[in-house]
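Structure record follows, encoded as structure tokens.
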Amino acid sequence: MEHNSSNFIRNIIKEDLETGKHDHVITRFPPEPNGYLHIGHAKSIILNFGVADEFGGKTNLRFDDTNPLKEDIEYVNSIKEDVKWLGYDWDNLFFASNYFDEMYDRAVLLIKKSLAYIDDLNADEIREYRGTLTEPGKNSPYRDRSIEENLDLFEKMRNGEFANGEKVLRAKIDMTSPNINLRDPVIYRIAHAEHHNTGDKWCIYPMYAFAHPLEDAIEGVTHSICTLEFEDQRPLYNWVVEQCEMASIPQQYEFGRLNLTNTVMSKRKLKQLVDEGVVDGWDDPRMPTISGLRRRGYTPEAIRAFCYEIGVSKAYGTIDSQVLNHFVREDLKLKAPRTMGILKPLKVVITNYPEGQVEWLEAEINPENPEMGTRQIPFSREIYVEQDDFMENPPKKYFRLFPGNEVRLKHAYFIKCEEVIKDEEGNVVELRCTYDPETKSGSGFTGRKVKGTLHWVDATHAVPAEFRNYQPLILDEEPNEEEEEKTFLELINPHSLEILQGFVEPNMKDIQPQDKYQFFRHGYYNVDPKHTTEGHLVLNQIVELKSSFKL
Ligand code: ATP
Ligand code: MG
Ligand code: MG
């Protein structure tokens with residue numbers, strides 16, 4: 001696959017192979033199954049699978065399932081589906097929970113080496129004793145328990161003799177270390193909870209900082225790639241691998257996580273949007289989840305091209321969402337059939353067109369990709385145009401329909417607005433127009449010119465369709481810089497979804513979920529897989545045709 005972007009991690013791996021530090025490459029993508037994957041995870045997936053692939057290596061999909069309280073098999077299944085959809089195939093599928101026995105044994109080893117102890121302090125006390133950036137921590141009064149006592153208490157913890165929070169196992173490192181992560185981090189805690197994989201076999205669970213390096217080492221991972229927030233944890237990562245006497249030594253590398261404008265990406269916040277009913281599920285087309293992007297109509301090709309373009313670096317930063325939109329347009333330009341659809345219908349009667357007559361006009365399916373062939377569009381006495389393409393009293397330089405004005409109907413004829421029909425409240429409900437048979441599209445007519453070209457749909461053959469137009473769900477450009485929880489829900493755009501009942505060309509009546517079209521003047525749309533039923537077509541707007549954004 002694509003490899004032509006800046007990526008310092010690839011250079012490290014290349015050097016490790018050249019110098020003989022490694023003779024093979026194993027990476028892993030390690031999601032916690034506590035939510036659905038989002039576009040940030042896609043960056044990590046593409047990086048991990050991409051570099052391994054480039055150097056003939058392997059990539060594991062590993063579920064980092066060490067916290068039973070938040071994890072669920074629904075998330076496991078969605079994550080597998082999303083990784084596959086993005087175009088990747090793991091070499092091994094692993095669960096961290098399958099290593100719980102070995103992790104327990106390694107913890108016992110630390111106790112035996114006097115490098116771990118059972119602490120009775122509660123969470124608040126531990127935090128208090130930990131100190132701050134400017135103040136050293138102080139030792140817990142339980143730090144000097146004997147090895148025998150620690151072994152005995154740890155076994156009792158495992159056997160369920162204590163309640164949640166009553167005791168923890170801590171690594172014994174250095175309470176005065178300038179790196180707070182090394183001030184005797186908690187490595188095991190008690191959680192009497194059902195685990196999606198191990199059931200009730202365990203009531204103690206390893207903490208991320210202890211479990212993750214062990215998982216990497218057990219699997220023989222060579223390059224363990226994570227995001228920058230974990231940079232300060234690297235010394236602890238190395239301590240765990242070394243002191244637990246792991247045979248294989250993985251190395252951690254950090255890169256800058258992806259942030260997008262007007263997008264929140266933390267799974268916790270996305271879950272809140274789902275739980276509070278702000279969106280219709282993890283796969284709502286406004287969500288930055290992989291399943292949301294899929295349902296909106298983004299393609300794996302566009303997401304991959306986007307991730308390669310933005311590259312991998314050590315820097316923090318926020319990428320304009322328009323960059324992603326640029327890549328979906330690029331991908332769909334030649335693939336998506338062109339069509340016409342009316343989102344806000346206004347009926348037009350063509351008074352000089354014979355009643356009962358229908359003619360079928362030929363139109364290219366995609367003028368930029370002629371191999372896609374042609375389609376047939378019916379034309380008759382009654383058609384729909386957009387309400388927004390008519391003005392009774394237009395400003396200067398308005399070239400669409402108004403009384404007395406002539407426009408071109410795409411693929412059909414010139415029509416001229418002769419009469420405006422209104423209802424009792426004065427709303428325009430219909431236009432009476434005439435057409436000129438000599439102006440037929442493709443006939444080579446040059447007699448006179450018109451400035452406006454409108455899209456339209458034949459009224460007697462039109463297929464009803466529901467159009468769903470989207471605006472960003474989050475109003476703030478850089479919502480991730482928001483520190484306070486409470487402000488996040490206040491940033492939600494109340495107008496992020498607009499639903500319109502319109503019509504499409506009759507040749508679209510059999511289109512399937514996930515089919516993508518480019519609508520003349522409206523942009524790209526995807527057939528919604530959730531709400532589309534037999535006889536009810538729902539189209540999600542993917543992107544508008546143009547943006548001001550230039551790459
Ligand atoms: P979140 O903070 O959104 O809940 P997480 O980091 O807790 O995400 P994990 O399931 O642990 O989610 O993530 C799996 C992998 O994806 C990790 O290696 C993590 O570093 C990476 N990842 C998560 N978010 C991003 C992001 N925004 N950009 C790049 N990589 C990411
Ligand atoms: Mg995580
Ligand atoms: Mg998280």
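As the structure lists them, so they are numbered: ligands from 1, and atoms in each ligand from 1. What you see is a predicted model; the values in this text were computed from it and never measured.
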>> For the residue pair Arg158 and Tyr104, would you count it as a cation-pi contact if the rule is NZ or CZ under 6.0 angstrom from the ring centre and within 45 degrees of the ring axis?
In response: yes
> So is Leu258 polar-close to ligand 1, meaning N/O to N/O under 3.5 Å?
Replying inline: yes
> Does Met265 reach ligand 1 with a nitrogen or oxygen that is under 3.5 Å from one of the ligand's nitrogen or oxygen atoms?
Replying inline: yes
> Which atoms from ligand 1 have a heavy atom of Lys267 less than 4.0 Å away?
Replying inline: 1 (P), 3 (O), 4 (O), 8 (O), 9 (P), 10 (O), 12 (O)
>> Using a 3.5 Å cut-off on N or O atoms only, is Thr227 in polar contact with ligand 1?
In response: yes
> Between Arg268 and ligand 1, does any nitrogen or oxygen pair lie at a separation below 3.5 Å?
Replying inline: no
> Which atoms of ligand 1 are found less than 4.0 Å from any heavy atom of Phe255?
Replying inline: 29 (C), 30 (N)
>> Check this for me - ligand 1, Asn34, N or O atoms closer than 3.5 angstrom, yes or no?
In response: no
> Can you list the atoms of ligand 1 that are under 4.0 Å from a heavy atom of Ser266?
Replying inline: 3 (O)
> Does any N or O atom in His41 lie less than 3.5 angstrom from one in ligand 1, N or O only?
Replying inline: yes
> Which of the numbered atoms in ligand 1 are below 4.0 angstrom from a heavy atom of Phe29?
Replying inline: 14 (C), 15 (C), 16 (O)
> Among all residues two or more places apart in sequence or in another chain, which pass the salt bridge (charged side-chain N to carboxylate O under 4.0 Å, His left out) test with Asp16?
Replying inline: none
> Who gets closest to atom 21 (C) of ligand 1 by heavy atom: Pro288, Gly256, Ser44?
Replying inline: Ser44
>> With the threshold set at under 4.0 angstrom, would you say Phe230 reaches ligand 1 through any of its heavy atoms?
In response: no
> Which word best sums up how the rings of Phe49 and Tyr88 line up, parallel for under 30°, tilted for 30 to 60°, or perpendicular for over 60°?
Replying inline: tilted
>> Would you say NZ of Lys112 has more than 12 non-hydrogen atoms from neighbouring residues, nucleotides or ligands within 6.0 angstrom?
In response: no
> Which is closest to atom 25 (C) of ligand 1 by heavy-atom distance: Gly40, Pro33, Pro31?
Replying inline: Gly40
> Is the His22 ring parallel, tilted or perpendicular to the His24 ring (thresholds 30°, 60°)?
Replying inline: perpendicular
> When rounded to the nearest 0.5 angstrom, what is the spacing between NE2 in His326 and CG in Asp331?
Replying inline: 11.0 Å
>> Within ligand 1, which atoms have a heavy atom of Glu32 less than 4.0 Å away?
In response: 9 (P), 10 (O)
> Which word best sums up how the rings of His522 and Phe467 line up, parallel for under 30°, tilted for 30 to 60°, or perpendicular for over 60°?
Replying inline: tilted
>> Between Phe63 and Tyr75, is the ring centroid distance below 6.0 Å?
In response: no
> Would Glu245 and Leu109 count as a side chain to side chain contact (heavy atoms under 4.5 Å, CB included) if you check the C-alpha gap in whole Å, the side-chain angles of each, and the deciding distance to 0.1 Å?
Replying inline: CA-CA 9 Å; Glu245 302 175 15; Leu109 175 66; 4.1 Å; yes
